[in-house]
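Residue numbers count from 1 along this sequence.
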Amino acid sequence: MEPQSVLQLGKIAEPVGPHRGRLPPGAYGIETVGMEMQGLWRTATLAALPSTVTRIVTPALTALGSRHPQLTVTCSITDQAQLRELALGTVDVVLGQRYHHLPDTTPRGIDVSPLLDDPLLVVTAAGRGDDRPVALRELATHPLAVPPPNTECGQAVLQGCRQAGFTPVPRYVTADIAAQLTLARSGLATALVPRTAIDPATPGIRAVPIADLPVQRLLFAATRHTENANPTTTAVIAALRTAAREGHTA
């Protein structure tokens, strides 16, 4: 399990009394009045997967900081129980994932906004083969570095390999994508890693698509269902969507 991290964006004076957590009109000066007129809250909490930090979360928070400097976004980087925390009200927005060939386990009362289809890529050391897609069945003889089978990604890799006609016997088991990439870069293993989790500037690796039976995850933004649109969560989701789109084309 990857450690949980917290990022904070923006600064603003703390309201007190019954208005704590929101900005009453006219109470805190020109900047805060402007923010209240937009309908934005003072704060929002985002829970996001570690694999989305580089290409989605960081550019999205940077854009939010420029567009809404009064808004503070607290970001919990974790791969555990995100939708449960959303349902409990602990977080406001979740940047989550669901692999296409696995069951949808989204709780009732949660609204999901699709952001991006994110395929797993076959990652090996640079110089091992060309840039052509690799058939998943060819990996039956490779020393594999895969996530644990009790994780969503681990289950997706296991089911995908079985559909290709073999049950993987991994050489290395780790949920740490950085460790998977290190093993691949050294030539010790072949890894299956989501495209969004790979920094395009990462040296020493070759990352190519799966040719025959692609394994993809849907990246989504989720919020609690409300009768009326929430301008704050809408702004956060819009920033995530833009970053996902731009990161996909990078």
side-chain contact (heavy atoms from CB on, under 4.5 Å) assessment of E246 paired with R55: CA-CA 9 Å; E246 293 177 352; R55 299 179 71 169; over 6 Å; no
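- Put simply, the side chain of P170 does not reach to within 4.5 Å of the side chain of H142, judged on heavy atoms.
- The side-chain heavy atoms of P107 and R84, taken from C-beta on, include no pair separated by under 4.5 Å.
- With hydrogens and angles ignored, the 3.5 Å screen pairs no side-chain donor or acceptor of R171 with any backbone N or O of A145.
- With rounding to the nearest 0.5 Å, the separation of CG in L240 from OG in S113 is 10.0 Å.
- The CZ atom of F220 sits 4.5 Å away from atom CG of L83, with the distance rounded to the nearest 0.5 Å.
- Within the 3.5 Å criterion, the main-chain N or O of T196 finds a donor-acceptor partner in the side chain of D118.
- Around CG of N150, the count of heavy atoms belonging to other residues, nucleotides or ligands within 6.0 Å exceeds 12.
- A side-chain donor from one of D104 and T106 sits under 3.5 Å from a side-chain acceptor of the other.
- In this structure, a donor-acceptor pair under 3.5 Å is absent between the side chains of D199 and T54.
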Residue pair L139, V122: steps toward the side-chain contact (heavy atoms from CB on, under 4.5 Å) verdict: CA-CA 9 Å; L139 303 186; V122 179; 4.1 Å; yes
Verdict with supporting geometry, T151 and D79, side-chain contact (heavy atoms from CB on, under 4.5 Å): CA-CA 9 Å; T151 64; D79 55 5; over 6 Å; no
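- Checked by atom type and distance alone, the side chain of T226 never pairs as donor or acceptor with a backbone atom of A229 at under 3.5 Å.
- Counting heavy atoms from C-beta outward, Q97 and E152 have side chains that approach closer than 4.5 Å.
- Taking 4.5 Å as the limit, some side-chain heavy atom of L188 sits within range of a side-chain heavy atom of Y172.
- Atoms OG1 and CG, from T167 and L158 in turn, are 6.5 Å apart once rounded to the nearest 0.5 Å.
- Linking Ile, Leu, Val, Met, Phe, Trp and Tyr whenever their side-chain heavy atoms come within less than 4.5 Å puts L116 and L61 in one cluster.
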Can you list, pair by pair, the side-chain donor-acceptor contacts under 3.5 Å of residues 203-215, counting residues two or more places apart and other chains?
from : atom 1 : to   : atom 2 : distance (Å)
R206 : NE     : R128 : O      : 3.1
R206 : NE     : D130 : O      : 2.4
R206 : NH1    : T124 : OG1    : 3.2
R206 : NH1    : R128 : O      : 2.9
R206 : NH2    : D130 : O      : 2.9
D212 : OD1    : L136 : N      : 2.7
D212 : OD2    : L136 : N      : 3.3
D212 : OD2    : R137 : NH1    : 3.3

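- Smallest separation of non-hydrogen atoms from A239 and L64: CB-CG, 3.7 Å.
- Listed for the T234 side chain is a donor-acceptor partner under 3.5 Å among the backbone atoms of N230.
- When atom types are taken as modelled, the side chain of Q216 and the backbone of Y99 share no donor-acceptor pair closer than 3.5 angstrom.
- In terms of the side chain to side chain donor-acceptor pair (under 3.5 Å) criterion, T52 has no residue partners (sequence neighbours excluded).
- Applying the side chain to side chain donor-acceptor pair (under 3.5 Å) criterion to T90, with sequence neighbours excluded, gives E85.
- Between L49 and R217, the closest side-chain pair of non-hydrogen atoms falls below 4.5 Å.
- The side-chain heavy atoms of D117 and H100, taken from C-beta on, include a pair separated by under 4.5 Å.
- V193 pairs with exactly one of V146, L181, L121 by the side chain to side chain contact (heavy atoms under 4.5 Å, CB included) rule, that one being L181.
- Side-chain contact between I77 and V53 is present, with heavy atoms from C-beta onward closer than 4.5 Å.
- Rounded to the nearest 0.5 angstrom, C153 SG and Q180 CD are separated by 7.0 Å.
- For D92 (side chain) and T45 (main-chain N/O), a donor-acceptor pair under 3.5 Å exists by modelled atom type.
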Derivation of the side-chain hydrogen bond (donor to acceptor under 3.5 Å, both in side chains) call for T62 and R67: CA-CA 9 Å; T62 301; R67 187 174 180 85; over 6 Å; no
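- Note: S76 OG to L95 CG = 12.0 Å, rounded to the nearest 0.5 Å.
- In terms of heavy-atom proximity, G96 sits nearest to Q82 at CA-OE1, 3.8 Å.
- Cluster annotation: L219 and I237 are assigned to the same hydrophobic cluster (Ile/Leu/Val/Met/Phe/Trp/Tyr, side-chain heavy-atom contacts under 4.5 Å, transitive).
- Atom CZ of residue R224 and atom CD1 of residue I110 lie 7.0 Å apart, to the nearest 0.5 angstrom.
- Here the options are L86, V236, V73, the test is side chain to side chain contact (heavy atoms under 4.5 Å, CB included), and the partner is V93; only V236 passes.
- At least one side-chain heavy atom of L120 sits less than 4.5 Å from a side-chain heavy atom of V157.
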